[in-house]
S.K.: 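To start, I am sharing the structure in question, which I have written as structure tokens.
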Amino acid sequence: MAVKVLINGYGSIGKRVADAVAKQDDMEVIGVTKTKPDFEAKLAVEKGYKLFAAIPERKGLFEEKGVEIEGTIFDVIEDADIVVDCAPGGIGKDNLENIYKKYKVKAILQGGEKAKFVEDSFNALWSYDRCYGKDYIRVVSCNTTGLCRTFYAVDSVTDIVKARVVLIRRGADPNDAKRGPINAIVPNPPTVPSHHGPDVVSVVPKFEGKILTSAVIVPTTLMHMHSLMIETTGTTRDAILDAIEKTPRVFTVSAEDGLNSTATIIEYARDLGRPRYDLWEIPIWEESVNVVDNEVFLMQAVHQESDVIPENIDCIRAMLQMEDDNMKSIEKTNKSLGIK
Ligand SMILES: NC(=O)C1=CN([C@@H]2O[C@H](COP(=O)(O)OP(=O)(O)OC[C@H]3O[C@@H](n4cnc5c(N)ncnc54)[C@H](O)[C@@H]3O)[C@@H](O)[C@H]2O)C=CC1
Ligand SMILES: O=C(OP(=O)(O)O)[C@H](O)COP(=O)(O)O
């Protein structure tokens, strides 16, 4: 029987998680929530999702606008096997304390929440077994997910002594007119190291003390970009390329093919016919992969709105003990979504 999934917060991540859950033969979406009756709420109803008010006091707003809702989150939460919380960063932890724990329902939080509020942090390659059967788990952020996947590839062929990463973060998502910068480069967070290293360690504790990161925000909405420098005990460029080939959800792209920027990579995702031009995989520039004195260099991009989506699906399977082999879950999710 399909497990019942409730998505709390039908925004950039929530709507993608809903569509991905709907594609699984072992899961069903029992509802999605919105805080206001905007175009996303109307489209959710048009798509056939049962819509609920995330905040009970706002129920009247939906009725006033003629947007059909089935009730509030409290009318559906007891039917859920698991809630995927996709509320804005910082709100998930409040929902965890005030709703999910009270109703004793399993919940996944997203990367905008801190590791300390949950039992563990999830990446399908690294921490599936640890999260198996757990109640409250965080799927780490888009940037951390991208780093975890690439470190997995490198770690599969050599030992990582230490790693340094510079993250160039997109200023806002394409639908977000309120954020910037419009014409600046902003060290963000302003302190070095940034939180991304500790976030990777929350998934891979053996990297404690080994990963240092710094980040800036730039005026682009398409993708993040990372420049990685990974000191190893020894490897070759061919071994790294082979490891990337064998690692799920990462792949190489070539500047020679015209995939020489985030702009053309997004065009590629459009040409693939991906929903919302989502690129669930991490593209690594083939030309950037190099090994100098045991140090691996590479550059990669991250489609911030979508790389965490398959992770949420695998996280549901782990927490609800639906599949005990992470690679089988990854394969099933990849097949259902059409991941390369
Ligand atoms: N957008 C991105 O690039 C990524 C975001 N994340 C994380 O995913 C989470 C969600 O982010 P987005 O989807 O980008 O945000 P968003 O702002 O696009 O969507 C959030 C949705 O939650 C709703 N909401 C507001 N208050 C709520 C409440 N109290 N209860 C339930 N829903 C509520 C909002 O109305 C909105 O529909 C955050 O933790 C964020 O850090 C993770 C990876 C990438
Ligand atoms: O939520 C995200 O971006 P945002 O906090 O810039 O909106 C992404 O997951 C990036 O998170 P991170 O750069 O803090 O790892």
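In listed order, ligands and their atoms are each counted from 1.
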S.K.: Report the nearest protein non-hydrogen atom to atom 32 (N) of ligand 1: residue, atom name, distance rounded to 0.1 Å.
M.R.: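 Looking at atom 32 (N) of ligand 1, the protein heavy atom closest to it is Gly9 CA, 3.5 Å.
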S.K.: Distance under 6.0 Å and angle within 45° of the ring axis: does Lys340 meet both against Phe251?
M.R.: yes
S.K.: Please round to the nearest 0.5 Å and tell me the distance separating atom OG of Ser121 and atom CZ of Arg138.
M.R.: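 One finds 3.5 Å between OG of Ser121 and CZ of Arg138.
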S.K.: Out of curiosity, is Gln304 lining ligand 2, as in a heavy atom under 4.0 Å away?
M.R.: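 Checking ligand 2 against Gln304, which is what was asked, there is no heavy-atom contact under 4.0 Å.
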S.K.: Please check whether Arg179 reaches ligand 2 - meaning an N/O of the residue sits under 3.5 Å from an N/O of the ligand, judged on distance alone.
M.R.: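 It does: an N or O of Arg179 is found under 3.5 Å from an N or O of ligand 2.
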S.K.: Among Ala87, Ala41, Gly11, whose heavy atom sits nearest atom 9 (C) of ligand 1?
M.R.: Ala87
S.K.: Measure the distance from atom 39 (O) of ligand 1 to every protein heavy atom, then report the residue, atom name and distance (to 0.1 Å) of the closest one.
M.R.: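 That would be Gly112 N, 3.1 Å.
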S.K.: Assess the pair Phe151 and Phe207: is the distance between their ring centroids shorter than 6.0 Å?
M.R.: yes
S.K.: Would you say the side-chain atoms of Glu119 pair up with the backbone N or O of Tyr136, donor to acceptor, closer than 3.5 Å?
M.R.: yes
S.K.: So for Gln110, does at least one of its heavy atoms come nearer than 4.0 angstrom to any atom of ligand 2?
M.R.: no
S.K.: Considering only the protein, which heavy-atom contact is closest to atom 26 (N) of ligand 1, and what is its distance?
M.R.: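 Heavy-atom neighbour on the protein nearest atom 26 (N) of ligand 1: Thr35 CG2, 3.6 Å.
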S.K.: Quick check against the 3.5 Å criterion: does Thr72 have a side-chain atom that pairs as donor or acceptor with the backbone of Ala53?
M.R.: no
S.K.: Return the option from Ile13, Asn143, Val140 holding the heavy atom at the smallest distance from atom 13 (O) of ligand 2.
M.R.: Asn143
S.K.: With only distance considered, is His224 within less than 3.5 Å of ligand 2 through an N or O on each side?
M.R.: no
S.K.: Where on Asp85 is there a heavy atom closer than 4.0 Å to ligand 1, on the side chain, on the backbone, on both, or on neither?
M.R.: neither
S.K.: At under 4.0 Å between heavy atoms, is it the side chain or the backbone of Cys142 that contacts ligand 1, or both, or neither?
M.R.: both
S.K.: Touching ligand 2 at all, Gly112? Heavy atoms, strictly under 4.0 Å?
M.R.: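 No.
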S.K.: I'd like to know if the side chain of Glu311 and the backbone of Ala124 have a donor-acceptor N/O pair within less than 3.5 Å.
M.R.: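 At least one qualifying donor-acceptor pair exists.
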S.K.: Minimum distance, heavy atoms only, to atom 5 (C) of ligand 1: which one of Ile7, Ile13, Ile55, Asn98 is it?
M.R.: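 That would be Ile13.
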S.K.: Judged by non-hydrogen atoms, does Gly92 sit under 4.0 Å from ligand 1?
M.R.: no
S.K.: May I ask you to identify, for Arg170, whether its side chain, its backbone, both or neither come under 4.0 Å of ligand 1 on a heavy-atom basis?
M.R.: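 Only the side chain of Arg170 comes within reach of ligand 1.
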S.K.: Which of the atoms of ligand 1 are close to Lys34, meaning less than 4.0 Å from one of its heavy atoms?
M.R.: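 Here the atoms of ligand 1 in question are 37 (O).
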S.K.: For the side chain of Lys106 and the backbone of Met319, is there at least one donor-acceptor N/O pair under 3.5 Å apart?
M.R.: yes
S.K.: Report the nearest protein non-hydrogen atom to atom 14 (O) of ligand 2: residue, atom name, distance rounded to 0.1 Å.
M.R.: His195 NE2, 2.7 Å
S.K.: Specify whether the nearest protein heavy atom to atom 4 (P) of ligand 2 is under 4.0 angstrom away.
M.R.: yes
S.K.: Which residue supplies the protein heavy atom nearest to atom 44 (C) of ligand 1, what is that atom called, and how far is it?
M.R.: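 Checked against all protein heavy atoms, atom 44 (C) of ligand 1 sits closest to Gln304 O, 3.0 Å.
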S.K.: Does one side chain, of Arg164 or Ser214, offer a donor that lies under 3.5 Å from an acceptor on the other?
M.R.: no
S.K.: Can we say Arg274 and Glu281 salt-bridge, meaning some charged N sits less than 4.0 Å from an Asp/Glu carboxylate O?
M.R.: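 Yes.
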S.K.: Would Ile330 and Asn334 count as a side-chain contact (heavy atoms from CB on, under 4.5 Å) if you check the C-alpha gap in whole Å, the side-chain angles of each, and the deciding distance to 0.1 Å?
M.R.: CA-CA 6 Å; Ile330 288 173; Asn334 286 2; 3.6 Å; yes
S.K.: Have a look at ligand 2 and work out which part of Arg169, if any, has a heavy atom under 4.0 Å from it: side chain, backbone, both or neither.
M.R.: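 Side chain only; the backbone of Arg169 stays clear of ligand 2.
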S.K.: Answer with yes or no whether the side chains of Tyr100 and Asp85 bring together a donor and an acceptor at under 3.5 Å.
M.R.: yes
S.K.: With a cut-off of 4.0 Å, which atoms of ligand 1 are near a heavy atom of Gln110?
M.R.: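 Checking each atom against Gln110, I get 7 (C), 8 (O), 9 (C), 39 (O).
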S.K.: Quick one: does any side-chain atom of Ser306 pair with a main-chain N or O of Leu279 as donor and acceptor, under 3.5 Å?
M.R.: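 Such a contact is found between Ser306 side chain and Leu279 backbone.
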S.K.: Hey, does the side chain of Thr35 reach the backbone of Ala54 with a donor-acceptor pair shorter than 3.5 angstrom?
M.R.: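 Judged by distance alone, no pair lies under 3.5 Å.
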S.K.: Does Asp173 approach ligand 1 within less than 4.0 angstrom via side chain, backbone, both or neither, non-hydrogen atoms only?
M.R.: side chain
